[in-house]
Novice: 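I have a structure I would like to understand better, so I am pasting it below and will then ask my questions one at a time.
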Amino acid sequence: MRSLAIVAVFLWPAITFAEQTYSNSDLVRFHVPGAYTNEDLKKISAEAAPRGKAATAPAPAAFALPEIDTRRFQDEYDGLLARHVRLSADLAIERQRIEFSESAFAGDTSTIAPRLGYRARVASLVLELEKRIAILDVEMDLILETARKGRFAIDRRSR
């Protein structure tokens with residue numbers, strides 16, 4: 001009940017002033033230069049509507065798309081695919097290092113290798129690599145979809 005009273009207190013001004021209308025006498029308060037009053041509009045003579053046919057606009061010029069060849073789509077797709085392969089390799093290496101850091105061999109002090117706790121240190125890197133790979137997947141799908149709509153063939157195999 002108390003919350004309803006608080007809501008009513010806040011909504012009361014909105015409810016009371018919601019349907020406020022303005023008249024010509026209110027224009028004096030606004031000081032809008034060049035504003036027409038209803039009396040001004042009544043003094044203006046109504047113009048007759050044109051009875052003839054309106055002038056037709058010239059036909060729009062044919063919109064020509066620039067020549068887009070399959071090569072451009074293929075090059076863009078190949079570039080994204082190369083970045084995807086590199087990031088996937090980085091991610092695989094980091095996952096192997098994480099697995100090694102959690103194995104029994106991680107405690108050897110004579111080697112320079114990841115030690116216990118390596119997962120926590122590189123968690124943000126692994127998440128970033130996964131995010132970038134997901135973004136590349138979406139970009140590659142968009143290129144494939146755009147090429148498909150334009151009826152261009154793209155070779156999806158790596159070169």
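By convention here, the first residue in the shown sequence is residue 1.
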Novice: Quick check for you: to the nearest 0.5 Å, what is the distance between Gln96 atom CD and Leu91 atom CG?
Specialist: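 So the gap between those two atoms works out to 10.0 Å.
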Novice: Would you give the length of the straight line joining atom OG of Ser88 to atom CZ of Arg132, rounded to the nearest 0.5 angstrom?
Specialist: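 So the gap between those two atoms works out to 13.0 Å.
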Novice: Judged by atom type as modelled, is there a donor-acceptor pair below 3.5 Å linking the side chain of Ser101 to the main-chain atoms of Ile98?
Specialist: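 Checked: pair present.
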Novice: With side chains defined as the heavy atoms from C-beta onward, is the minimum distance between Arg83 and Leu80 less than 4.5 Å?
Specialist: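 Yes, at least one pair of side-chain atoms sits under 4.5 Å.
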Novice: Just how far is it from atom CZ of Arg86 to atom CD1 of Ile133, taken to the nearest 0.5 Å?
Specialist: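 Answer for the CZ-CD1 pair, Arg86 versus Ile133, is 12.0 Å.
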Novice: Could you walk me through whether Leu125 and Leu129 pass side-chain contact (heavy atoms from CB on, under 4.5 Å), step by step?
Specialist: CA-CA 6 Å; Leu125 172 65; Leu129 288 171; 4.2 Å; yes
Novice: Just how far is it from atom CE of Met140 to atom NE2 of His84, taken to the nearest 0.5 Å?
Specialist: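 Rounded to the nearest 0.5 Å, the CE-NE2 separation comes to 5.5 Å.
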Novice: Rounded to the nearest 0.5 Å, what's the gap from CZ on Phe73 to CD1 on Ile143? Could you check?
Specialist: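 Between Phe73 CZ and Ile143 CD1, I get 8.0 Å after rounding to 0.5 Å.
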Novice: Identify the two heavy atoms, one from Gln74 and one from Ala153, that lie closest to each other, and give their separation to 0.1 Å.
Specialist: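 For Gln74 and Ala153, the tightest heavy-atom pair comes out as OE1-O, 4.2 Å.
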Novice: For a 4.5 angstrom cut-off between non-hydrogen side-chain atoms, does Ile135 reach Glu139?
Specialist: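 Of all side-chain heavy-atom pairs linking Glu139 with Ile135, at least one is under 4.5 Å.
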Novice: Pairing donors with acceptors under 3.5 angstrom, does anything connect the side chains of Glu94 and Tyr118?
Specialist: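 Indeed, the side chains of Glu94 and Tyr118 share at least one donor-acceptor pair under 3.5 Å.
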Novice: If you measure from the Lys or Arg side-chain nitrogens to the Asp or Glu carboxylate oxygens, is any gap between Arg95 and Glu99 under 4.0 Å?
Specialist: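 Answer for the salt bridge query: no.
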